[in-house]
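Since the structure comes first, as structure tokens, the remarks are kept for the end.
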Amino acid sequence: MNRYALILMIVFLASCSSNEDNTQRQKNIEIAQAWMDNLFIHSDLDAAKSLMHEDFTFVYMGIIEPGGVAHGKDGFINDYLPIVGELLPTGIVLTTVDVIADEDGVALIQVGDSRGINGEYDNKYVFTFKMVEGLIHAVKEYNSDLLVATRLYRNELIPLN
């Protein structure tokens, strides 16, 4: 095989791999967004559960309660989501404003609009998704836990002087 044929074959193989990676990247985005939509727009827990790996974990990454606790699939649905429902009785509108993704996972950057139990609650979020076998294996939620503490849990800020 001559040198130019070898170069063309390498370029061809690299482009095939890149197309496969891009296809998986797009699937991951669709799965992550569908999961969020099923939870917060359609209220379809069965559809959301169907996108979750059997070894699914969810962690709210805030430093306030209930931050840092890993929830499995059932714990997330039965324990964590009801708390969110209590704190945001009218629900929340989460709008995706940016996405970072590859063949292994997704980060959805979102803005939230809601009324909490303590008044107006608008927060910014990043949800990171790790995918395994075409399903959501792990989700981590990042937001301003200062807003969560003051607007949802009614905590007050006290100066340290």
Side-chain angles (χ1 to χ4, degrees), residues 16-155:
C16 288
S17 173
S18 148
N19 286 339
E20 289 173 16
D21 292 348
N22 195 40
T23 300
Q24 187 59 51
R25 176 187 175 277
Q26 190 58 41
K27 285 180 185 176
N28 289 344
I29 293 169
E30 290 168 4
I31 290 167
Q33 189 64 59
W35 187 75
M36 296 297 292
D37 292 349
N38 284 320
L39 289 176
F40 297 106
I41 295 174
H42 310 303
S43 298
D44 189 343
L45 295 180
D46 289 333
K49 283 172 104 174
S50 74
L51 300 172
M52 298 160 72
H53 192 275
E54 65 182 39
D55 296 325
F56 172 89
T57 59
F58 174 90
V59 178
Y60 171 63
M61 299 303 293
I63 59 172
I64 63 163
E65 279 296 320
V69 176
H71 300 276
K73 189 184 223 181
D74 291 334
F76 174 75
I77 297 292
N78 299 325
D79 300 330
Y80 185 81
L81 278 181
I83 292 170
V84 173
E86 290 172 18
L87 296 172
L88 302 170
T90 61
I92 186 168
V93 176
L94 293 167
T95 303
T96 300
V97 295
D98 203 357
V99 176
I100 301 168
D102 64 15
E103 64 276 1
D104 297 318
V106 176
L108 294 180
I109 295 95
Q110 299 183 314
V111 293
D113 181 34
S114 184
R115 285 202 57 78
I117 60 172
N118 200 26
E120 187 68 23
Y121 174 70
D122 299 328
N123 209 337
K124 295 178 181 176
Y125 297 84
V126 175
F127 289 90
T128 63
F129 296 79
K130 291 295 181 188
M131 307 301 197
V132 171
E133 300 169 353
L135 295 170
I136 301 167
H137 186 261
V139 177
K140 292 182 179 177
E141 174 186 350
Y142 300 85
N143 63 24
S144 168
D145 54 356
L146 177 63
L147 284 177
V148 171
T150 58
R151 302 305 296 169
L152 299 182
Y153 284 99
R154 296 183 176 133
N155 293 334

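In this chain, numbering begins with 1 at the start of the sequence shown.
Only one option out of V148, T150, N143 pairs with L146 in a side-chain contact (heavy atoms from CB on, under 4.5 Å); it is T150. Here the rule is side-chain contact (heavy atoms from CB on, under 4.5 Å) with M131, and of I31, L51, D102 only I31 fits it.
Heavy atoms only, all atoms of each residue included: E141 and Y80 are closest at OE1-OH, 3.1 Å. The minimum heavy-atom distance linking L39 with A48 is given by the pair CD2-CB, 3.6 Å. Shortest non-hydrogen contact noted between V69 and H71 is O-CD2, 3.4 Å. Contact between S114 and T90 at its shortest, heavy atoms only, is OG-OG1, 4.3 Å. Counting all heavy atoms, side chain and backbone alike, L152 lies closest to L88 at CD2-CD2, 3.6 Å.
Between Q33 and D37, the side chains place a donor N or O and an acceptor N or O closer than 3.5 Å (distance only, hydrogens not considered). Under 3.5 Å, the side chains of T95 and Q110 contain no donor-acceptor pair of N or O atoms.
Annotation: K73, atom NZ; neighbour count of heavy atoms from other residues, nucleotides and ligands within 6.0 Å is above 12.
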Exercise for review: Begin with the C-alpha distance, continue with both residues' side-chain angles, and end with the deciding distance and a verdict on side chain to side chain donor-acceptor pair (under 3.5 Å) for Q26 and N22.
Suggested key: CA-CA 6 Å; Q26 190 58 41; N22 195 40; over 6 Å; no
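Between F129 and W35, the ring center distance clears the sub-6.0 Å criterion. In summary, the aromatic rings of F56 and F58 are positioned with their centroids too far apart to meet the 6.0 Å limit.
Using a 4.0 Å cut-off between charged nitrogen and carboxylate oxygen, E120 and R151 do not count as a salt-bridge pair.
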